[in-house]
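Heads up: the structure comes next, in structure tokens.
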Amino acid sequence: MGDTEKDSGKKSPGNKLDKEGKEKKDSKGSKGSKQEKPKGPKPLKVKKQEHKVWDVPSYLVTSSPHVHNMDSVKKVMWTVFIALVPATLWGIFHFAFDFNIEYLAGSFQYDYKDIDNSWLGHLFTSSPFLNVVVSIIACMATEVMVNVSRKQKISIMDGSAALTGILLGMILPPEAPLFIPIISSIFTISVVKHLFGGLGGNFLNPALAGRVFAMVAWPGIMYNQDNYLISITDTKTGATALELMKKYIASDPNVAGGNTDPHAVYSWSDQLIGNIGGSIGEVSGILLLIGAIYLFIKKYITWEIPVIYIATVFIFSFIIGGKGLEANSRTHFDLSYALYQVLSGGLILGALYMATDMVTCPLTSRGQLIFGVSLGLLTVFIRVYGGYPEGVAFSILILNLFTPLIDRVTMPRIFGHRSKKGTA
Amino acid sequence: MSDFSKGFIRENPVFGLFLGLCPALAVTNQAINGLAMGVATAFVLVGSNVVVSLLRNSVPSKIRIPAYIMIIATFVTLVKFVMKAYAIDLYNTMGVFISLIVVNCIILGRAEGFASKNGVGKSLMDGLGMGIAFTVSITLLSVIREVIGDSKMTFQMTLGDLTIGKVIDLSDFMRTIGLVDNTGEVANLLIFILPAGGFIAIGLVIGLFNRFKNQLPPLEDEEEEA
């Protein structure tokens, strides 16, 4: 039409937007050209699919028949959640009622503190139970809020937020005030998980990042040596196994009134069953192992990282050894110390459930070997020479940062490519 | 006027251009530290912009960077002596970061990028705008960090013998929302006073700032046409 041609010929002074606007109008065509368009079938309106990280690509590389293995993110997450429930329940009961199971005189005996009012009421208002439940709820609530603000589908039913919640509840101290799980959950879901891409995009293990956030944000509460953890009864001390050991090794045996021998306070059976101090999830070794064996049967975790990690810690603790003849010295090749180190702290929990997190661990077996050995070394060094008694959280986080590098170094050779050394 | 106002949102030195992040992270653990650092940097920025602009035709191009640094260092030494004389507590708190204003990328960036090519009036407005924007930005950051990390806002400094300003205490508010630990003290998120929290805080503020900035209408640039 004549009018549009005149308008496109005029060069308006300056505004690029105006030029683009006019260009847009020209490309769409004026009213006249619209009427000339043939009326064909309407184009199909395909809803733009949002690509989610866990979606399988829609192309198939082989032809049918296919066997569907029924795995999905939802299934994996909720299965791991269920595998963690026994250990969590033990932790809650142990800390709420001072519940212990001991093997005495040939039989298993349990004892617990008598509660005046109903035990259900005591359970549901006890700090360990509230911490776990509140952290699960806070993680899921934060996930909902972030999904809404990112305009995504609400994805709490895939279980990843609940899994982060229960893990976070398991590794926080049982007597922590309620704002600690709440604020740590908000931080870990919104910053560590969603600010870096959502599910599958986290660059650190979210539960551990939440715990370390809590450790740095409230060091007084998380590390109060006197009332760190339970002190419901007078018989069991409140300190964790590793804190006792660190104090014991640093103490001078010649000085009277020395520190308590950790082996006398917590025997190895105590540590395995879980009659010790610690955080809710890390006390019961045997229940965590049972859960992990279930996951291993379903092939959700591989054996390399946990076995290599725990073996490295065992070997190097054995070499470094336990308490020596003087303060801060060591008797090398000490088997009981090595066993103590393996069974205490969050090592079993960290090695089985956190280091094997699929997003933040290396892909190949060689990479997992490097990962496991480095984890073990770093844990032992932090426990022995570092300021903190517990090294698992920091070492897993540091090695998570190294995972992309490990993946790049141990990239498997593409089938058909020759290695540089062997070329003719 | 756009020289003055562009520094606030579109070309905000800390959150937009990511210049001067070193003092923005290091001294912003207390509100007064952020404010004082901003004022000191603004003074140095204005002074160096004006002098560089005055000398822009006399300085040979090959040695312009050392020449600019000398000019900037003169102003920083002025600031340092004044602070040491009249605000010794702030001087001790900020320590080496006052001397580090010399290598603050904002000052050298504006000197190299603007003052060496424009007149004195424009350079003055640019320096004022950037300086005030920097002050406002890092004071905002330090207020956020101190409120979350220490539940107070310290706007108090010792000027000579006087103590001016006040400390706004928010611990009652923190108590009412429940941030109290077992012994009854307010449980501040100490991480935000530490360097780690500085990075977290500045990252979140930059994210919010960018979201706000991207919703602004695009500039109609009249200079590109000519």
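Order of the sequence lines sets the chain letters (A, B, ...), proteins ahead of strands, with each chain counted from 1. All of these numbers come straight from a predicted model, not from anything done at the bench.
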Neighbour count >12 (heavy atoms, 6.0 Å) for atom [atom1], [X]:
| X | atom1 | result |
| --- | --- | --- |
| Phe212(B) | CZ | no |
| Lys6(B) | NZ | yes |
| Lys213(B) | NZ | yes |
| Phe114(B) | CZ | yes |

> Quick one: does Leu190(B)'s side chain get under 4.5 Å of Pro219(A)'s, heavy atoms only?
Replying inline: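 Result yes, sub-4.5 Å side-chain heavy-atom pair found.
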
> Looking only at heavy atoms, which of residues 130-141 of chain B get nearer than 4.5 Å to chain A?
Replying inline: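 Within residues 130-141 of chain B, near chain A: nothing under 4.5 Å.
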
>> Using only non-hydrogen atoms and a strict under-4.5 angstrom cutoff, which residues of residues 196-211 of chain B touch chain A?
In response: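 The list, in residue order, reads Ile200(B), Leu204(B).
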
> chain B heavy atoms under 4.5 Å from Ile183(A): which part of the residue, side chain, backbone, both or neither?
Replying inline: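 For Ile183(A), side-chain heavy atoms alone lie under 4.5 Å from chain B.
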
> Checking heavy atoms, do the side chain of Leu195(A), its backbone, both or neither come under 4.5 Å from chain B?
Replying inline: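 Leu195(A) touches chain B through side-chain heavy atoms alone.
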
> If you count heavy-atom pairs under 4.5 Å with chain A, which of Ile177(B), Ile193(B), Leu194(B), Asn188(B) comes out on top?
Replying inline: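 Most heavy-atom pairs under 4.5 Å with chain A: Asn188(B).
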
> Rounded to the nearest 0.5 Å, what separation is found between the CZ atom of Phe179(A) and the CG atom of Leu189(B)?
Replying inline: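 Here the interatomic distance stands at 8.0 Å.
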
